[in-house]
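First comes the structure, then the notes that go with it.
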Amino acid sequence: MMALIEWLVAPWQWGDWMWRGMLTVHLVAIGCAVLGVFLYLRRMSLLADALAHVALPGIVAAFLVSGSLDAPIMLAGAIVVGLVSAISIETLASRPNIRSDAAIGIVFTSFFAVGVILLSTVVRDAHIDTHCLLFGDLLGVSDRAMFLVVTVVPAVLMLVVVFYRWLAVSSFDLRFASAIGIPVVAVNYGLMTAVTVTAVAGFEAVGAILVIALIIVPGATAHLLADRLITMIAWSVAHAIVSSWVGMYVAIAVNTSAAGAIVVVGGALYLAAFLFAPRHGRIVMLLRRRARRRHDITPTS
Amino acid sequence: MLANLYIERAREFFYFQYDFVAYALGASVLVGIVCGLVGTFLVLRGFSLIGDATGHATLPGVAGAFVITGVQHPVALLAGALVSGGLGALTVGVFSRGPRVRPDAAIGIVLSVFFGVGIVLLAYIQGLETGRQAGLEQFLFGNAAAITPGQFWGLVVVGAILCAAIAVFYRPLALMTFDEAYAKAMGINTMALEIGLLAALSVAVVISIQAVGVILVAAMLIIPPSTGRFLSGRLSMVILWSMVLGGLSGALGAFISYLFAGVATGPAMVLAATGFFVVALLFGPQGGVVTQSIRRRRRQASVAPGGAS
């Protein structure tokens, strides 16, 4: 027991990277988890996929235009390119021979390809490399990355609290929401902007692609466990916190990418919920079906 | 001065001065053709992004095969990719069924969690002594120039078998694509056909990842078929256009990547495909933006009283 506690405490004494990493990943994961619930309910999970990929060309474009990688400039570039891509997706999807999923696939892969090419040619000297883009760097969070996360995520969460009613109503029933005068288009683009900003904030710490997992998986897990929006958000945040802690320690123990480990733990939690959730888990459903069948048969025999 | 360099490089490319150029070109064209074929069925069924999930899901297979065998043997790596990519595609299918799971979320979950497993394995490999020179990163964005003659012919054979299999099952596939209920009523085993299509997708992705990389392979499955839809209203013609334009994009991508140092084959190929798409989106005979507005104006002119005189 003592050994376990010692093992848990030890990393915190090895320098300040542990609390920096923990603080960063908790903020990013919680922000993503809260936004992810609304995206999930709106069936827009894959837009998170698109926006997270598009953050890369956004940051690169900002660097090309301004020559700097200061936090506000990175955010501005990513927001502009993110909104451009969201509008392109919607415009494309409005054409009769393009489905919305194809529109997402066309737009974000093209943007991402531009970003990768620029990164390997014109802006090779910028300090964003494909390594960081993919793996993230949670055990060595830079001052800039931490500053971004600490300012952006609380602001996003505060906005969610302020506009909670609007978000909730429009996520469940878009037509009703617009009938009672909620500006649904503005709410929609506001949500997309929030996702982009959070993805950019988490970009350096957890990598562009693993951010997608932090957005989609907690909300999907919560939907297996909860029947009300507020409990769903609570489960989603709980999922984020548990996978951050466990993933961080797993990464230290096996010496691997912390962001990757957190995502894998999150995936395992989803699988557990998928199978064992008390009301909507597959095992309970199977037992219930069997019980019903037996119940149906007994009276006649 | 700089222009001379590019002209020189272009000449090298077109005269096939180096053997590897021919194989890189061939492999890129093959990717375009195979993905264009398989992708058409996915796009028309509204499953476009399942290709994205399958592509990302091959990463743990590639890295896992390296961890198990300890060497970078292409057949082992691709076999690993096939196993984990196929598993990813099937998982999307399994998770999408039933209540409380949204199909779009299932795609996102498989995509990101499988990729996470791959990243964990990659980071682990980089910590190993042999890992530094493993060069597995080239699977992320593709490096067609690294394909050896032996691998190339292997890919051609597998690709040919895949195309033949789809040709054999063309009728039932077409039927299922447009009207699944009718296909079922006709006695077609749609479940088996669906699994077959997912298997074909996994094979197409595995053929492609050396040239385009796991992240962007989805683009080659989605963009050429979407282009084809603007060029024809018939399934057979959409497939043909999609394969031709996919192959052309592959060739252009290989050329651009040879011309400019540092440009990976995958992104270059994707941008070429996007270029074709934009042209078709504007000028395609089937619902192209400009085509439509010209047609509308003509119709208005012939209807308006002024036009009759």
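Every heavy atom of this structure was used, including side-chain atoms; hydrogens, water molecules and symmetry mates were not. Naming convention: chains lettered A, B, ... in sequence-line order (proteins, then strands); numbering from 1 in each chain.
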When you compare the side chain of [Y] with that of [X], does any pair of heavy atoms fall below 4.5 Å?
X        : Y        : result
A:Arg95  : B:Gln292 : yes
A:Val116 : B:Phe141 : yes
B:Leu49  : A:Phe108 : yes
B:Leu281 : A:Leu92  : yes

Worksheet, complete the sentence: Tested for side chain to side chain contact (heavy atoms under 4.5 Å, CB included) against A:Ile106, the lone hit among B:Val43, B:Val278, B:Ile223, B:Thr227 is B:Ile223

Practice prompt. Walk me through it: do A:Val217 and B:Ser112 pass the test side chain to side chain contact (heavy atoms under 4.5 Å, CB included)?
Written response: CA-CA 9 Å; A:Val217 181; B:Ser112 53; 4.3 Å; yes

Worksheet, complete the sentence: Counting heavy-atom pairs under 4.5 angstrom with chain A, the leader among B:Ala264, B:Pro225, B:Gly287, B:Gly116 is B:Gly116

Worksheet, complete the sentence: Heaviest contributor of heavy-atom pairs below 4.5 Å to chain A, chosen from B:Val110, B:Leu42, B:Thr274, B:Ile109, is B:Ile109

Option that, when pairs with chain B are counted at under 4.5 Å, heavy atom only, ranks first among [options]:
options                      : value
A:His53, A:Arg282, A:Met285  : A:Arg282
A:Gly267, A:Ser110, A:Ala251 : A:Ser110
A:Ile98, A:Thr109, A:Leu39   : A:Thr109

Please flag which part of [X] lies under 4.5 Å from any non-hydrogen atom of chain B: side chain, backbone, both or neither.
X        : value
A:Leu225 : neither
A:Tyr40  : both
A:Met44  : backbone

Enter the distance from [X]:[atom1] to [Y]:[atom2] here, rounded to the nearest 0.5 Å.
X        : Y        : atom1 : atom2 : answer
B:Leu44  : A:Asn97  : CG    : CG    : 10.5 Å
A:Thr256 : B:Leu122 : OG1   : CG    : 9.0 Å
B:Asp104 : A:Ile104 : CG    : CD1   : 8.5 Å
B:Leu271 : A:Ile117 : CG    : CD1   : 4.5 Å

Let me know if [X] has heavy atoms under 4.5 Å from chain A in its side chain, its backbone, both or neither.
X        : answer
B:Val289 : both
B:Val270 : side chain
B:Phe114 : neither
B:Asp52  : side chain

Worksheet item: Is the CZ atom of A:Arg288 crowded by more than 12 outside heavy atoms at less than 6.0 Å?
Response: yes

Worksheet item: Should we say atom OH of B:Tyr124 is surrounded by more than 12 heavy atoms from elsewhere, each under 6.0 Å from it?
Response: no

Counting distance only, does the side-chain N/O of [X] pair as donor-acceptor with the main-chain N or O of [Y] below 3.5 Å?
X        : Y        : value
A:Arg43  : B:Arg102 : no
A:Asp101 : B:Ser48  : yes
A:Ser257 : B:Ile119 : no

Worksheet entry | Pair B:Arg100 + A:Asp227, salt bridge at N-O below 4.0 Å | yes

Donor-acceptor list for residues 208-222 of chain B side chains, cut-off 3.5 Å, not counting sequence neighbours:
| unit_1 | atom_1 | unit_2 | atom_2 | d |
| --- | --- | --- | --- | --- |
| B:Ser208 | OG | B:Ala204 | O | 2.6 |
| B:Gln210 | NE2 | B:Gln151 | OE1 | 2.7 |

